[in-house]
Amino acid sequence: MSRLAALTKRELLAYFYAPVPYLVMFLFLLITAAMVVPSLQGNQARVDYVYVFSWLDFALLFLIPLLTMNTVAEERSKNTLETLLTAPVSDWQVIFSKWLGTFAFYTVMLVPTLVYWVVFLQLGEGKQALDPGPVIGSYVGALLLGGLYIAIGVFASSLTENGPLAAFLAFCIMIFMMLFTMLFEAIPFLRDLSSDLVRTLVSFVSQRDHFQQFLQGKIAVYDLVYFVMMTTLFLFLSVRAIESRKWR
């Protein structure tokens, strides 16, 4: 575990010494303000936390790939991945540390949004109480969604030495998952032949449907299983991707 902690610290500190993560954080907070501030203006300000993260599943399609594009790709392009893999650390420790370091930075990005919780509490004082359920659910959902997107980004980065290409691949995977159900329903042949089980499996793929449940304050085992399972899947694929380099 000490090796994992050292690798994670290395990955996290790298974000604070590079310009792109600061740009991503700035854009993230700017979009958040752009979505929330209009709802706070005027006499009809709405005490509803859904505005804070209602856009998150779309915005992170663009922001997370920028964070993850060099997690493995840069190591490969600089030929430092082989050196890292020959150290006394396992492949899964390398991949998990990259995911964990990025996830820690993503969590830091979420911290400033807590100010809106205070603002909404003040707005609702003596008028309309802020329901803590959707607030807690929103943050749980935001963390799970970010974790999944980061795992996808790390996987995409493990496939290539080109950072921008890794970002594009991650974006394509995320958008495909989001639109998979819609695309399936748009093809009459597949829609007519599919059984209820197939439809259920197809609807399970979309991260948006699961994330929306958290925004409503519903923390269901079904949705938790989805995010944990899909995140684990992409981390597993990332490990397999770097393992395959040993056989080339």
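Note that these values count all heavy atoms, side chains included, but never hydrogens, waters or copies made by symmetry. Being a predicted model, the structure only gives us computed values, none of them experimental.
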Leu29/Met109 under side chain to side chain contact (heavy atoms under 4.5 Å, CB included): CA gap, chis, key distance, verdict: CA-CA 8 Å; Leu29 297 176; Met109 287 171 48; over 6 Å; no
With hydrophobic residues grouped by side-chain heavy-atom distances under 4.5 Å, do [X] and [Y] end up in a single group?
{"X": "Met25", "Y": "Val115", "answer": "yes"}
{"X": "Leu60", "Y": "Leu30", "answer": "yes"}
{"X": "Leu169", "Y": "Ile242", "answer": "no"}
{"X": "Leu179", "Y": "Met230", "answer": "yes"}
{"X": "Leu237", "Y": "Val205", "answer": "yes"}

Residue pairs involving residues 63-74 (criterion salt bridge (charged side-chain N to carboxylate O under 4.0 Å, His left out); sequence neighbours excluded): Glu74-Lys78
Residue from Phe105, Phe62, Trp55 passing ring pair (Phe, Tyr, Trp, His ring centres under 6.0 Å) with Phe28: Trp55
Centroid-centroid distance, Tyr106 to Trp99, less than 6.0 Å: no
Heavy-atom pair with the smallest gap, counting every atom of Tyr116 and Val52: CB-CG2, 4.1 Å
Reported CG-to-CD distance for the pair Leu4 and Gln93, which is rounded to 0.5 angstrom: 6.0 Å
Spacing of Leu56 atom CG and Thr32 atom OG1 [to the nearest 0.5 Å]: 7.5 Å
Derivation and outcome, ring pair (Phe, Tyr, Trp, His ring centres under 6.0 Å), residues Phe214 and Phe53: CA-CA 10 Å; Phe214 288 95; Phe53 292 135; over 10 Å; no
I'd like to know if the side chain of [X] and the backbone of [Y] have a donor-acceptor N/O pair within less than 3.5 Å.
{"X": "Thr231", "Y": "Val228", "result": "no"}
{"X": "Lys218", "Y": "Gln213", "result": "no"}
{"X": "Asn162", "Y": "Leu165", "result": "yes"}
{"X": "His210", "Y": "Phe227", "result": "no"}
{"X": "Ser157", "Y": "Val154", "result": "no"}

Validation row: Leu61, Met178 side chains within 4.5 angstrom (heavy atoms): yes
Minimum side-chain heavy-atom gap Thr113-Tyr139 below 4.5 Å: yes
Taking distance alone, no hydrogens or angles, what donor-acceptor pairs closer than 3.5 Å link side-chain atoms of residues 13-21 to residues at least two apart or in another chain?
from: Tyr15; atom 1: OH; to: Leu67; atom 2: O; distance (Å): 3.1
from: Tyr15; atom 1: OH; to: Thr102; atom 2: OG1; distance (Å): 2.5

Phe96/Thr8 under side chain to side chain contact (heavy atoms under 4.5 Å, CB included): CA gap, chis, key distance, verdict: CA-CA 8 Å; Phe96 190 63; Thr8 302; 5.9 Å; no
Sequence neighbours excluded, every pair satisfying side-chain hydrogen bond (donor to acceptor under 3.5 Å, both in side chains) that has a member inside residues 143-152: Tyr149-Gln207
Side chain to side chain contact (heavy atoms under 4.5 Å, CB included) evaluation trace for Leu143 with Phe103: CA-CA 8 Å; Leu143 290 171; Phe103 184 75; 3.9 Å; yes
Verdict with reasoning, Ile95 to Val72, per side chain to side chain contact (heavy atoms under 4.5 Å, CB included): CA-CA 8 Å; Ile95 290 298; Val72 183; 4.2 Å; yes
